[in-house]
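Structure, as structure tokens:
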Number of protein chains: 2
Amino acid sequence: MKPTLQDVADAVGVSRSTVSNAYSRPDQLSAALRAKILDAAQRLGYPGPNPTARSLRRGFVGAIGVLFTSQLSYAFTDPFAVRFLAGLSGAAERHGNSLLLVPLPADRAQVRTAVENASVDGFCVYCAGDEDWALDAIHDRGLPYVTTAPRENAGPADRYVGIDERAAARSVADHVAALGHRRVALLGDTVLPDAPPGPLALAAPQDAPHSVTRGRLAGFADAFAAVGVDWPAITVLNAAGNSRAAGAAAVATTFAGDDPPTAVLACSDVLALGVLDALAEPGRRLRQPVSVTGFDDIADAAAAGLTTVRQPAEEKGRIAGELLLKPPADPAAGHVLLRTDLVVRTSTGPVRRS
Amino acid sequence: MKPTLQDVADAVGVSRSTVSNAYSRPDQLSAALRAKILDAAQRLGYPGPNPTARSLRRGFVGAIGVLFTSQLSYAFTDPFAVRFLAGLSGAAERHGNSLLLVPLPADRAQVRTAVENASVDGFCVYCAGDEDWALDAIHDRGLPYVTTAPRENAGPADRYVGIDERAAARSVADHVAALGHRRVALLGDTVLPDAPPGPLALAAPQDAPHSVTRGRLAGFADAFAAVGVDWPAITVLNAAGNSRAAGAAAVATTFAGDDPPTAVLACSDVLALGVLDALAEPGRRLRQPVSVTGFDDIADAAAAGLTTVRQPAEEKGRIAGELLLKPPADPAAGHVLLRTDLVVRTSTGPVRRS
DNA sequence: TTGAAAGCGGTACCAA
DNA sequence: TTGGTACCGCTTTCAA
């Protein structure tokens, strides 16, 4: 059996408190005694204070939990999520905290369990807003948390860092509309759960269950409504996942028809890059070039010449971390809206009169 | 104060054991009583069993620690590390484990503390081999661990997953040598600690303190020695970090001289891409095209036409996770060497006679 | 089916 | 400076 603090105390002939102090508060005992204790510990193979026991007693852990709405392993395939994590881990690093990445099981009941079993002092929920079962579980645990999207019924104590999704989406859609595009398609990841890739019937942006998608679709719609293109005239495309391949698959049949869209506005850069991939496929014949826009401004966007909306990824993560680790005195400061910038590159251009 | 299990027990008029069973072993009590207990818990706002206390009592945590040799936030900027993490998190997910990302402080003494404070059942040490203070700390805690490089004095119980760095490096260097290159430069990240960017005096590959760099440099050297180019004739370049910018900076002055290298072999794709960046700078005049090779085959390598050595990133992570979470019965199976493949693209070509 | 009691391994207050 | 003593919150035999 592994030796415990008690064993060390016995070996040296002192009390447990003294051994504990030797580790946690060196100034509380003489250097000589401390050396003697550490020496004995070494000899006995005492691994040092058990972190779990220490956390239990101290009442805090020194770790924050990170929850992803999608599979944890998918999170690492999303460039934006990775940059967010970089920012978050930087903040954690600075505060001496660890990051506990908690995989969320698909089963709703198990989500509760996963949340309940996490030894953490708080949670950062990436890209939530509708995953209420996870947020509810966190809330029930009474732990502080930060989300990257505002909750429907957010209380004043709720903290989040995000962007104005709708306004940001509108900015890029305004740009596309100004270029003269009127036949457009909007592309999102899992716009409706379990929908197949490709065109989708969505009565209104509000019907998208995911709040981020909802906000972006609404912003796109705003821009086109302003130039007389109403929602029913807009094609909504569904992608089965947030990947280039999914983006390409979603538009596979889009440009075949008689009157194809002249622009595709995607809810993420990754999807948009997939659209560009599809458009670049050899053998594809187009009546006119298709404008494509993304969202996020990930690293690959620049090289691809993708017009997109930039949001500060690392900063988002960093602020999420700070919000959690160093709560602002003023609760109003707990709601942070980051600025976004329209980045116009070569993937968008004026529509050609036919 | 937050209610505890005891409070719930008191409220219902049962013992703590029964309440505990209501949560952890529903089959141990009548459905009616269980409902009553859960109901009372709800009413009192009991957050469910405290995970820390539970872990302490049960003797395991359900989480594995991840240690990066560099800053945690840097890890997310390294594409290969990210893919490794994706694989690792997949394995963790499958086994119902969480991942605790532990930031390692620069201070050596604090590294111990960081390791000692992590509530985990084991560690995955990314890219270690020489960070012995971290490994020692893990070892002293008596926890199982996996590394991504063999340890010098590895015992039979040590588990690791890696590649034959030297052979892999040789394969790409053989390719370059076969193309006729004899004046070559090798480029590594932090070949020697605190060295400035650019040319470096390194008496032998063995003098590189980092085992991965050491192995790769040795492999490069092997190939050129085989064609009569000895170590002193080879330029070694140091990069201050594993980034494109650092790669570019490292070769900033390399091609100015009279007799510049005709090939640069980098220890990572990221560095190699930086070299390509530098070579593509406007205004740079070269006597002949410079061949460049990388290592890892990250996503951006293909688009850049980079000749490189592919190693299976996600699989490396996945296997590391499996090795930790489901230790092989046969200890020999705890040492996994993954295969690598030379991927020849357009960044390498035959040397031109001058 | 339920409860009593004994820890899991430490920490921190307070008194000596 | 050191030791005594609760106690952190839960799980788990074992007996009732």
Note, [X] side chain near [Y] side chain (heavy atom, < 4.5 Å):
{"X": "Ser98(A)", "Y": "Leu101(B)", "value": "no"}
{"X": "Val102(B)", "Y": "Val66(B)", "value": "no"}
{"X": "Thr147(B)", "Y": "Leu135(B)", "value": "yes"}

Can you tell me the distance, in whole Å, between the [atom1] atom of [X] and the [atom2] atom of [N]?
{"X": "Gln28(A)", "N": "dG3(D)", "atom1": "CD", "atom2": "C1'", "answer": "13 Å"}
{"X": "Arg141(B)", "N": "dG10(C)", "atom1": "CZ", "atom2": "C1'", "answer": "14 Å"}
{"X": "Glu116(A)", "N": "dT11(D)", "atom1": "CD", "atom2": "P", "answer": "11 Å"}
{"X": "Arg25(A)", "N": "dC14(C)", "atom1": "CZ", "atom2": "P", "answer": "12 Å"}
{"X": "Leu33(B)", "N": "dG3(C)", "atom1": "CG", "atom2": "P", "answer": "7 Å"}
{"X": "Asp27(A)", "N": "dT2(D)", "atom1": "CG", "atom2": "P", "answer": "12 Å"}
{"X": "Asn21(B)", "N": "dG3(C)", "atom1": "CG", "atom2": "P", "answer": "10 Å"}
{"X": "Leu29(B)", "N": "dT12(D)", "atom1": "CG", "atom2": "C1'", "answer": "14 Å"}

Base, sugar-phosphate, or nothing: which does [X] touch, judged by heavy atoms less than 4.0 Å apart?
{"X": "Ser55(B)", "answer": "nothing"}
{"X": "Phe60(A)", "answer": "nothing"}
{"X": "Val19(B)", "answer": "nothing"}

| query | Among pairs that include at least one residue of residues 316-331 of chain B, which meet side-chain hydrogen bond (donor to acceptor under 3.5 Å, both in side chains), considering only residues two or more places apart or in two chains? | reply | Arg94(B)-Glu322(B), His95(B)-Glu322(B), Gln311(B)-Lys316(B)
| query | Which heavy atom in Gly62(A) sits nearest to a heavy atom in Asp121(A), and how many Å separate them? | reply | N-OD2, 2.6 Å
Please determine whether a side-chain nitrogen or oxygen atom of [X] lies at a distance below 4.0 Å from atom OP1 or OP2 of [N].
{"X": "Ser15(A)", "N": "dT2(D)", "answer": "no"}
{"X": "Thr18(B)", "N": "dG3(C)", "answer": "yes"}
{"X": "Thr52(A)", "N": "dG10(C)", "answer": "no"}
{"X": "Arg54(A)", "N": "dG10(C)", "answer": "no"}
{"X": "Tyr23(B)", "N": "dG9(D)", "answer": "no"}

| said: Before we go on, tell me: are the rings of Phe76(A) and Phe68(A) under 6.0 Å apart, centre to centre? | reply: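 When the ring centroids of Phe76(A) and Phe68(A) are compared, they turn out to be at least 6.0 Å apart.
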Between the protein and nucleotides 5-8 of chain D, which nitrogen or oxygen pairs come in under 3.5 angstrom?
from	atom 1	to	atom 2	distance (Å)
dA6(D)	N6	Arg16(A)	NH2	3.1
dC7(D)	O2	Arg57(A)	NH1	2.8

| message | Any donor-acceptor pair under 3.5 Å linking the side-chain atoms of Tyr46(A) with those of Asp140(B)? | response |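 Result is no, nothing qualifies.
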